[in-house]
2 protein chains.
Amino acid sequence: MPSIKDVAMKAGVSVRTVGRALYGGGPVKDEVRQRVELAVKQAGYAPNLAARSLKTGRGYLVAALVASGDELHMARLDAFQIEIEAAGFGLHVIFISGGKEPLGLVDSLVRLGVAGLACFHVSATRLRKEFEGRGLRLPAVAFDHQDPGADAVLLDRPRGIEEAVHDLAAKGRRRIAYLGPADPSRLDGYARAVRDLGLPYLVHHPDLKDGEISMGEQGMQELLDKAMQPDGVQAFSDMMAAGALRCCHRRGLRVPQDIALVGFDNRRLALCLWPQLTTVAQPNEEIGRRMACLLLARLRGAAPDAPVIESVTPMLVRREST
Amino acid sequence: MPSIKDVAMKAGVSVRTVGRALYGGGPVKDEVRQRVELAVKQAGYAPNLAARSLKTGRGYLVAALVASGDELHMARLDAFQIEIEAAGFGLHVIFISGGKEPLGLVDSLVRLGVAGLACFHVSATRLRKEFEGRGLRLPAVAFDHQDPGADAVLLDRPRGIEEAVHDLAAKGRRRIAYLGPADPSRLDGYARAVRDLGLPYLVHHPDLKDGEISMGEQGMQELLDKAMQPDGVQAFSDMMAAGALRCCHRRGLRVPQDIALVGFDNRRLALCLWPQLTTVAQPNEEIGRRMACLLLARLRGAAPDAPVIESVTPMLVRREST
DNA sequence: TTGTAAGCGTTATCAT
DNA sequence: ATGATAACGCTTACAA
């Protein structure tokens, strides 16, 4: 492994000059700069990041906390990584399986000297408190929830649901139900839409907890049994919609002829179903990019003191189920 | 950030003694060790990994190359991470989106001083060659393919397919077809099974390339049009099976009454379909764990010179589609 | 049984 | 416009 000394030797200058030539911080003769750059190429020199961060105290790793392996998180993370690496940082991914933090997570982050934190649908409030307890400030950006003092990118679910319900109404549906847990943001959008459209408020919250598919299947069953007679259903998620679809198949209800069905998330699953699922898509790439921008600005000290909150809007994707 | 000096001061000993007390390497009085451990606790000391790896030259990060955000890779990676972190290493995940390596990947890995490499379905032959070109040996473990000189965990697909076909036959199916690309490992298992069972060899390779779902749908259509009259189908993947299922629905074929259908992978999707898909499951956690063991052994220098190749067996999961 | 000190590769302060 | 050198926190050979 060539070090900066080797480069200096090769170029016939001092290490200080190599530093100036590569990163600025003082005047360097053009001819010398060229010699240095050539020497870097020839030696295959790449600065040792361990040494750098030991010296500067600044870390070069950004940690991402991710709820285990979910397709949506991965899409966001992918976009996030690209921006982060383009800015010269490295991405350190930590999977939080089953809601449990890895043992000694804070320690390992401190030891690694992480420069910042990105939370993909996992709250890091406690974790950041621990950092503060050690006298460290850890810049952070979160998705879809607000950690106190952290920047955030929020998803405007109400808007997405509202658009979907309006679209159902535009297709002639008059009894549009909401199926799923009592999530305030989704219910807000649904409630606003049916009120504005003058349609009945039809909501069913299945109280099942074991997985979204069976929740969707059983919830749909109950919805039908309660004689709500829906001709359209906005589901909490694609997974729940898949369950609802199973119920319709079982009962011989045709989708979309008898009942139109809309999901939420636009998972790849939506394309695999019969019929293919109309759904509200999250702009995952945009989310990842925005999170990276926010965090990078803070790492560069170019962000205001107060947390920056941004909002992204989901988009309706029309398929066979409506 | 407390350093080892602070701990030494607090405990009233030298840094050398702290080192011995914490990591061994010489005798330490019990009483002194206790004082040191107390001081570590009180100071909240955690060794600075940048300094350590600068000094030792050994990295503490293991890099994982992953084909972007796939659910199966994530499950394996999750298990992999747990073992790696338990061994005191950190995991550095790199997503290879769309088959393209991030620009300057080798450089960034060198600079990070990664200790080892894990390839989840991405070949790293070229990458490791580049490392060798710089005079660095990079221990590596791969999944599902053999990189020269690297350890590997292979999936015994033939066994999995064979078991599935036998299961179809046991349920009375006599015309079992294989639907999918001409993947040698899967075809091997299929061919062996139908031969052993004395059943006809019915194979259709759709030459469509645009996504596995439409490939499954169109492939199934062609399979039926060719009058192969299958009463059972082993698909290349769950995604293809989902497409095949769509075709059956469209044509009014009942699954499993008219045709039984088996997928491969056991994605979460399999539970969302109607009917729920019987499929060949990959033991993802085991794969991740084994890869970690192999790599850790090599990092500790406890592995033989020759590459170690292990094999894991998939398992049939019976659901509604058979 | 314990302590001293060198050195890893970088950055940055100072002098030239 | 350039160079010598100290310091970051850690590990470890060597001295005591």
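Lettering follows sequence order; numbering is per chain, from 1.
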Members of residues 48-59 of chain B that approach DNA chain C, where some heavy atom sits under 4.0 Å away: B:L54, B:K55
In whole angstrom, what separates [X]'s [atom1] from [N]'s [atom2]?
| X | N | atom1 | atom2 | result |
| --- | --- | --- | --- | --- |
| A:R16 | D:dA1 | CZ | C1' | 11 Å |
| B:K5 | D:dT11 | NZ | P | 14 Å |
| A:R111 | D:dC8 | CZ | P | 21 Å |
| A:I4 | D:dA7 | CD1 | C1' | 15 Å |

Interface limits on DNA chain C, where chain B has a heavy atom under 4.0 Å of a nucleotide atom: C:dT1 to C:dG9
Cation-pi, B:F131 ring and B:R126 (6.0 angstrom, 45 degrees): no
Flag for B:N48-B:S3: side-chain donor and acceptor within less than 3.5 Å: no
Distance-only polar pair, side chains of A:N266 and A:Q282, donor-acceptor under 3.5 Å: no
Phosphate OP1/OP2 of D:dC10 contacted by B:Y45 side-chain N/O (<4.0 Å): yes
B:R134 and B:D107 ion-paired at < 4.0 Å: yes
SB check B:D305 B:R298 (cutoff 4.0 Å): no
Touch class at under 4.0 angstrom, heavy-atom based, for B:V32 against every strand present: sugar-phosphate
B:P148 backbone acceptor or donor facing B:R128 side chain under 3.5 Å: yes
Check: B:D156 side chain, B:V312 main-chain N or O, donor-acceptor pair, under 3.5 Å: no
Contact summary for A:R33 and A:R20, nearest pair of heavy atoms: NH2-O, 4.2 Å
